[in-house]
Amino acid sequence: MYRLTNNADTIIRVDDGAVIPRGHRWWSDYEAWCAAGNTPEPVPQPTLAEVKLDLCAQVDASADAAYIAIGGPSPGRLAEYKQAKADADAFKAAGYAGTVPDTIACWSEAKAWTNQQACDDILTTAASWEMALAVIRRQRLIGKANVNAAADAAAAQAAADAAMAIIQSVPAGAG
């Protein structure tokens, strides 16, 4: 038994899963099989619901990759960034006076900056990350809603592509 592929120049032999290109020595077996009145099985097509589910997973994966590009590959690094921002908020609110949190002191030492310069840099960077995270979240959620609202697979693909294009452009300007 044979199954058609999406490419008219290849078939799949169902018994062993072999993909047979046109011109292969088994192609004549396929033509003889068809000439004997057999009909190849069509390639199973996913339902619209299956297409939408897959596209939504792709949008989520795109967002996950963007989050990693912005915040680093580990939850520990994200926690570090959140702590540095919280410490910088408190240090700035105290008028850049008092005990300098280590999250600021180590950055001022690494960059040879004043503690105020390091604090302000941490806050500027954090604002950039927060804006990027908001854009990614918005595009992920609205993109998936648009995928699910699509009337057909082409519209669903277009919605997913649009959301992923914006998501993938965010990390380049973040941080």
Side-chain angles (χ1 to χ4, degrees), residues 1-85 110 121-122 124-175:
M1 180 181 299
Y2 296 92
R3 174 173 285 151
L4 296 173
T5 65
N6 288 332
N7 177 349
D9 290 329
T10 58
I11 54 173
I12 298 172
R13 217 167 58 182
V14 174
D15 58 342
D16 64 3
V19 176
I20 304 169
R22 185 179 297 277
H24 188 278
R25 63 186 174 94
W26 290 335
W27 192 267
S28 60
D29 291 346
Y30 166 68
E31 289 176 330
W33 181 80
C34 288
N38 296 300
T39 305
E41 294 179 4
V43 176
Q45 297 297 314
T47 65
L48 181 57
E50 291 169 333
V51 168
K52 289 178 177 182
L53 188 63
D54 179 60
L55 290 171
C56 285
Q58 290 178 40
V59 170
D60 280 338
S62 181
D64 290 345
Y67 288 140
I68 289 169
I70 291 169
S74 72
R77 182 124 14 113
L78 185 57
E80 174 189 324
Y81 294 157
K82 286 181 178 181
Q83 184 62 53
K85 186 212 185 286
D121 183 67
I122 289 168
T124 298
T125 302
S128 175
W129 288 332
E130 289 168 350
M131 187 181 340
L133 294 175
V135 170
I136 293 167
R137 176 177 170 76
R138 178 178 184 75
Q139 292 305 315
R140 182 179 68 81
L141 296 177
I142 292 174
K144 288 171 44 174
N146 290 341
V147 165
N148 285 319
D152 58 40
Q157 183 70 57
D161 289 346
M164 290 187 292
I166 294 170
I167 289 168
Q168 291 164 1
S169 72
V170 171

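Atoms considered below: every heavy atom in the structure, side chains included; atoms not considered: hydrogens, waters and symmetry mates. One-based numbering along the sequence shown.
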Exercise for the section: Mark yes or no for whether Ser62, through its side chain, and Gln58, through its backbone, hold a donor-acceptor pair below 3.5 Å. Expected result: no

Handout entry: 4.5 Å side-chain heavy-atom contact, Lys144 and Asp60
Key = yes

Completion exercise
On a heavy-atom basis, the closest approach of Val170 and Ala132 is CG1-CB, 3.4 Å

Practice task
Verify the neighbour count for atom CZ of Arg22: are there more than 12 heavy atoms of other residues, nucleotides or ligands below 6.0 Å?
Solution key: yes

Practice task
Look up atom CG in Leu133 and atom CZ in Arg140, then write down how far apart they are to the nearest 0.5 Å.
Solution key: 11.5 Å

Handout entry: Spacing of CG belonging to Leu141 relative to CG belonging to Asn146, to within rounding of 0.5 Å
Key = 11.0 Å

Practice task
Calculate, to the nearest 0.5 Å, the distance between atoms CG and SG belonging to Asp29 and Cys34 respectively.
Solution key: 11.0 Å

Practice task
First locate atom CD of Gln45, then atom CD of Glu50, and finally report the distance between them rounded to the nearest 0.5 Å.
Solution key: 10.5 Å

Practice task
For Lys52 and Ala156, work out which heavy atoms get closest and say how close.
Solution key: CG-CB, 4.3 Å

Fill in the blank from the handout: One should read off an interatomic distance between Tyr67 OH and Arg137 CZ, to the nearest 0.5 angstrom, of 7.0 Å

Completion exercise
Between Val147 and Cys56 the two heavy atoms that sit nearest each other are CG1-SG, 3.8 Å

Fill in the blank from the handout: Tightest non-hydrogen contact, residues Ala151 and Leu48, listed as O-CD2, 3.6 Å

Fill in the blank from the handout: For Gly143 and Ala159, the nearest pair of non-hydrogen atoms, with its separation, is O-CB, 4.5 Å

Handout entry: Close side-chain approach of Lys82 to Trp129, heavy-atom, < 4.5 Å
Key = no

Exercise for the section: Work out which heavy atom in Ala153 is nearest to a heavy atom in Val51; give both atom names and the distance. Expected result: CB-CG1, 4.1 Å

Problem - Atom pair CD1 (Ile166) and CD1 (Ile142), whose distance is rounded to the nearest 0.5 Å - result: 9.5 Å

